[in-house]
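What's counted below: heavy atoms across the whole structure, side chains too, no hydrogens, waters or symmetry copies. Labels below follow one simple rule: chain letters A, B, ... track the order of the sequence lines, proteins then strands, and each chain is numbered from 1.
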Amino acid sequence: MVITRFAPNPNGPLHIGHVRAALLSHEYARRYKGKFILRFEDTNPENALLEMYELIRRDLRWLGMSWDEEYAQSDRLELYYNYAEQLLREGKAYVCICPIKDFRGLRDRGKPCPCRELSSGEQLQRWRLMLAGGVAKGEAVVRIKTDLSHPNPAVRDWPALRVTTKPHPRVGERYSVWPLYNFSVTIDDHEMEITHVIRGKEHEVNEQRQRTLFEHLGWEYPTAVQYGRLSMAGVALSKTQTMRGIQSGELTGHDDVRLGTIAALRRRGFVPEAIKQLILDIGSTLVDASLSWETLYAYNRKFADERANRYFFVPNPVKTLVHKAPDLKQVRLRLHPGHPEHGERILPLASEDDALVFYLAGEDVAALQEGQTFRLKDLMNVSLSSKGRVVEVEFQGLELADVQKIQWVSAGAVEVEVIRPDNSRELGIAEPAVAGLKVDTIVQFERYGFVRVDVARPKLIVVYGHR
RNA sequence: GCCCCUGUGGUGUAGACCGGUCAAUCAUGCGAGCCUCUCGAGCUCGCGACUCGGGUUCAAAUCCCGGCGGGGGCACCA
């Protein structure tokens, strides 16, 4: 049976790069009717954050993933201790108390450090002292013995467990000896009977380290698949940078629209199917890929266009008077041009003296020439008389004409604030029907773009997704 | 510096393991047109690539060597 896992460090929000590991692993397990495991790799009490566990689960669920088992490595310390002790007893690991500089000097020359030569009895003694809290942070580390002539110094006698005294957000001060990444991964991948490990190529050296431990324990290494780095134009994906930005207040949170986090993408109205499809299409080549926003938009449009109802939104509105128009009170339009079953919306018309009153987008007005005929979309043709502080136009007819069509707002305008992808704000007004929109709804503002309702009350705030 | 990986159109990919069917797939992008009362969607046509040099071979995108380019790692982080 195929068993895969996604093993995030709960030290920050998931971004599109992490999702690649998760989605590929999940998809592989599901495709072969196997098992998918979620495992929190929270063995560094220094940076694990309690709120991230649920945030990560939420992102995974949102993307349509489900897991058959869930673990947190912070619950499994005794297990790691048992293996550490076994390795020390069998002479396959040792407790090193050398200053790190000295150790590296020896390692780089392929020489053993004095600790490596001690008997297993002495190793166990040191180990018990570590466990009992008799060793300060940084004073001792358990190392796995490897071939000291390995061509890559980075894999020689790598560290497996260390002392860390900071309380862990989940298990508090119960432990002061914590396993390091390569150690706990190896133990868990074997204990959980993982058959396929899918991960980024930054783990290439780690894989070599982990293989040495699998050999010591007589275990078989799972099938490993690696993929290259994923970057997005103009987006910092790094967790540390993200967390720093949030702490300094430069970013509004883990869902700041400028970020490439899943939370940010969700906020901008990307649908999970689009993200999933894109990631699966990118696949798992070892070459680094730089994703363009255009591609992400294209994937999202495929889904969003079908679902999103249409509304008129007018940024930077300019008051416009239509003279000689018939006395119309309202117009009724479809919510979605291709889906009559979505229903209709009503746009009431305002009048002032003998004229109908509209609001048009400032940019649209600026582009119009005097005398030019254009169409208030779905309503009437008009021609521009003059552009003052108020724009004056003259009614030309109701029948559809082959002229430019622009959206408009008349009576009952609703104020809308749009959060742009660079986190700047654009203000405008929309037709009254938007007042009933619920948070999270994705709609299309015609000729403007797809937006997602971020806040419904008291003021309507939407986040811009894309054209 | 040392260890390792990788190079197909603007972008993302298929093909490479098992050389010929590849004058190279699909998507996106861009251009033209059709359609649609959106600058959105849909449809049609078009543009655009095997990093370079050598070698092996009847035959190389595919195998080998070298150059150049890109990336990762060299943490008592994950």
Side-chain angles (χ1 to χ4, degrees), chain A residues 7-12 18 40-44 46-48 73 96-100 103-104 107-108 137-143 150-156 158-164 177-182 184-185 199-209 226 228-231 233 239-240 277-299 301-302 304-306 308 310-313 333-334 336-338 361 363-364 375-381 398-407 444-450 466-467:
Chain A
N9 177 353
N11 69 342
H18 298 117
F40 288 105
E41 307 216 317
D42 55 351
T43 57
N44 186 359
E46 307 267 340
N47 65 17
Q73 290 188 323
C96 178
I97 57 168
C98 299
I100 183 67
F103 173 79
R104 279 188 198 137
R107 177 196 68 183
D108 291 349
K137 181 182 173 182
E139 298 288 299
V141 58
V142 176
R143 295 188 180 283
H150 192 286
N152 189 348
V155 318
R156 297 176 196 158
W158 51 271
L161 300 104
R162 89 306 206 173
V163 174
T164 285
V177 174
W178 285 86
L180 287 154
Y181 173 74
N182 284 295
S184 42
V185 164
R199 61 182 160 208
K201 70 177 179 185
E202 63 271 23
H203 289 295
E204 272 170 339
V205 176
N206 287 325
E207 184 183 322
Q208 292 182 50
R209 289 195 267 240
Q226 279 160 0
R229 302 282 284 188
L230 187 63
S231 60
K239 252 189 212 173
T240 35
Q277 194 55 52
L278 175 62
I279 294 295
L280 294 181
D281 281 358
I282 290 171
S284 66
T285 68
L286 228 24
V287 189
D288 303 307
S290 59
L291 262 188
S292 75
W293 283 101
E294 268 313 324
T295 309
L296 189 49
Y297 296 162
Y299 273 82
R301 263 187 219 114
K302 282 198 174 35
D305 189 77
E306 277 293 304
R310 270 58 169 174
Y311 295 94
F312 285 168
F313 164 74
L333 299 176
R334 277 186 187 176
H336 192 295
E363 278 176 38
D364 283 334
R375 183 166 172 85
L376 299 175
K377 188 169 180 288
D378 298 306
L379 184 60
M380 62 175 66
N381 310 320
L398 292 172
E399 71 293 347
L400 180 59
D402 189 21
V403 293
Q404 189 186 8
K405 288 130 198 141
I406 67 181
Q407 81 282 18
Q444 189 201 48
F445 283 166
E446 288 198 44
R447 299 208 317 133
Y448 185 77
F450 290 93
H466 54 85
R467 238 172 231 254

Problem - Distance (rounded to the nearest 0.5 Å) between A/I279 CD1 and A/S284 OG - result: 11.5 Å
Practice task
Could you tell me the separation between the CG atom of A/L376 and the P atom of B/rU38, rounded to a whole number of Å?
Solution key: 14 Å
Practice task
Give a yes or no on whether A/E363 atom CD has more than 12 heavy-atom contacts from other residues, nucleotides or ligands under 6.0 Å away.
Solution key: no
Exercise for the section: Sticking with atom C1', work out how far B/rG7 lies from B/rA16, rounded to a whole angstrom. Expected result: 13 Å
Practice task
Answer yes when A/R310 and A/D378 have at least one side-chain N-carboxylate O distance shorter than 4.0 Å, and no when they do not.
Solution key: no
Exercise for the section: In whole angstrom, give me the gap between the P atoms of B/rA59 and B/rG12. Expected result: 34 Å
Practice task
Would you mind telling me which of B/rG73, B/rG40, B/rA78 lies closest to the side-chain atoms of A/R301?
Solution key: B/rG40
Problem - Contact nearer the 5' end of RNA chain B, comparing A/R467 with A/Q208 - result: A/Q208
Exercise for the section: Please tell me which of the listed nucleotides, B/rU11, B/rC37, B/rA78, lies nearest to the side chain of A/S292? Expected result: B/rU11
Practice task
May I ask you to evaluate whether A/R156 reaches the phosphate of B/rC2, defined as a side-chain N or O under 4.0 Å from OP1 or OP2?
Solution key: no
Practice task
Tell me whether the OP1 or OP2 atom of B/rA78 has a side-chain N or O from A/R209 closer than 4.0 Å.
Solution key: no
Handout entry: Charged N-O contact under 4.0 Å between A/R162 and A/E139
Key = no
Handout entry: Of the listed nucleotides B/rG72, B/rC77, B/rU38, the one nearest the side chain of A/E202
Key = B/rG72
Exercise for the section: From the options B/rU38, B/rU13, B/rA78, select the nucleotide whose nearest atom is closest to the side chain of A/A289. Expected result: B/rU13
Handout entry: B/rG29 phosphate, OP1 or OP2, under 4.0 Å from A/T295 side-chain N/O
Key = no
Exercise for the section: Using whole Å, report how far NZ of A/K405 lies from P of B/rU36. Expected result: 10 Å
Problem - Pairwise P distance, B/rG42 and B/rU28 [rounded to whole Å] - result: 8 Å
Practice task
Quick one: label A/T43 by what it contacts on the DNA or RNA (base, sugar-phosphate, nothing), any heavy atom closer than 4.0 Å.
Solution key: sugar-phosphate
Practice task
Using atom CG of A/L286 as one end and atom P of B/rU13 as the other, report the distance to the nearest whole Å.
Solution key: 11 Å
Handout entry: Euclidean distance, atom OH of residue A/Y181 to atom C1' of B/rC76 [Å, nearest integer]
Key = 17 Å
Handout entry: Nearest listed nucleotide, side chain of A/T285, among B/rU13, B/rA78, B/rG70
Key = B/rU13
Problem - Flag for A/Y299-A/D281: side-chain donor and acceptor within less than 3.5 Å - result: yes
Fill in the blank from the handout: To the nearest angstrom, the CG-P distance between A/D305 and B/rG42 comes to 7 Å
Practice task
Would you indicate what A/L400 reaches in the nucleic acid, counting non-hydrogen atoms under 4.0 angstrom: base, sugar-phosphate, or nothing?
Solution key: base
Problem - Atom-to-atom span, CD of A/Q407 to C1' of B/rU38 - whole angstrom - result: 8 Å
Handout entry: Sugar-phosphate only, base, or nothing, as touched by A/N44 at under 4.0 Å among non-hydrogen atoms
Key = sugar-phosphate
Practice task
Quick one: look up who B/rA32 pairs with, Watson-Crick or G-U, both distances under 3.5 Å, and put none if it's unpaired.
Solution key: B/rU44
Problem - A/R467 to A/Y448, cation-pi by 6.0 Å centre distance and 45° axis angle - result: no
Practice task
Name the pairing partner of B/rC63, where a pair is Watson-Crick or G-U wobble with both distances under 3.5 Å, or state none.
Solution key: B/rG55
Exercise for the section: Please tell me which of the listed nucleotides, B/rU38, B/rG7, B/rU13, lies nearest to the side chain of A/V287? Expected result: B/rG7
Handout entry: Complementary nucleotide of B/rG69, counting Watson-Crick and G-U pairs under 3.5 Å
Key = B/rU6
Practice task
Answer with base, sugar-phosphate or nothing: what part of the nucleic acid does A/N47 contact at a heavy-atom distance below 4.0 Å?
Solution key: sugar-phosphate
Exercise for the section: Could you tell me whether the phosphate oxygens of B/rG12, OP1 or OP2, come under 4.0 Å of any side-chain nitrogen or oxygen in A/S290? Expected result: yes
Practice task
Tell me what A/G138 touches on the nucleic acid: a base, only sugar-phosphate, or nothing, going by heavy atoms under 4.0 Å.
Solution key: base
Exercise for the section: Would you classify A/H150 as touching base, sugar-phosphate or nothing, given that sugar-phosphate means primed atoms plus P, OP1 and OP2, and contacts are heavy atoms under 4.0 Å? Expected result: nothing
Problem - B/rC64 and B/rG19, which share atom name C1', separated by this distance in whole Å - result: 13 Å
Handout entry: Inter-nucleotide C1' distance (B/rA27, B/rA49), Å rounded
Key = 15 Å
Exercise for the section: Compare side-chain N and O positions of A/R229 against OP1 and OP2 of B/rG70 and report whether any pair is under 4.0 Å apart. Expected result: no
Fill in the blank from the handout: Closest non-hydrogen contact found for A/Q73 with A/V185 is NE2-N, 4.1 Å
Exercise for the section: Using whole Å, report how far CZ of A/R104 lies from C1' of B/rC2. Expected result: 15 Å
Handout entry: A/R375 side chain vs A/E399 backbone, donor-acceptor pair below 3.5 Å
Key = yes
Handout entry: Complement of B/rA24, any strand, by Watson-Crick or G-U distances under 3.5 angstrom
Key = none
Practice task
Answer with base, sugar-phosphate or nothing: what part of the nucleic acid does A/Y448 contact at a heavy-atom distance below 4.0 Å?
Solution key: nothing
Exercise for the section: Mind checking A/K302 for me? I need base, sugar-phosphate or nothing, with any heavy atom below 4.0 Å counting as a touch. Expected result: sugar-phosphate
Practice task
Quick one: look up who B/rA78 pairs with, Watson-Crick or G-U, both distances under 3.5 Å, and put none if it's unpaired.
Solution key: none
Practice task
Select base, sugar-phosphate, or nothing to describe what A/I100 touches, counting heavy atoms under 4.0 Å on all strands.
Solution key: base
Practice task
Nearest whole angstrom, please: distance from the C1' of B/rU28 to the NE2 of A/H466.
Solution key: 14 Å
Practice task
Could you measure between the two C1' atoms, the one in B/rG15 and the one in B/rA24, and give it in whole Å?
Solution key: 8 Å
Handout entry: Nearest-Å distance once atom P is located in both B/rG53 and B/rC68
Key = 15 Å
Exercise for the section: Would you indicate what A/R310 reaches in the nucleic acid, counting non-hydrogen atoms under 4.0 angstrom: base, sugar-phosphate, or nothing? Expected result: base
Exercise for the section: Starting from the 5' end of RNA chain B, give me the residue, A/P153 or A/L398, whose nearest nucleotide shows up first. Expected result: A/P153
Problem - Between B/rG48 and B/rU8 - C1' atom distance, rounded Å - result: 12 Å
Practice task
Give a yes/no answer on whether the side chain of A/R375 brings an N or O atom under 4.0 Å of OP1 or OP2 in B/rU38.
Solution key: no
Exercise for the section: Could you check whether A/D402 gets within reach of a base, just the sugar-phosphate, or nothing at all, counting any heavy atom under 4.0 Å? Expected result: nothing
Exercise for the section: Check A/R209, A/H203, A/E41 against A/Y181 for a side chain to side chain donor-acceptor pair (under 3.5 Å) and give me the one that passes. Expected result: A/H203
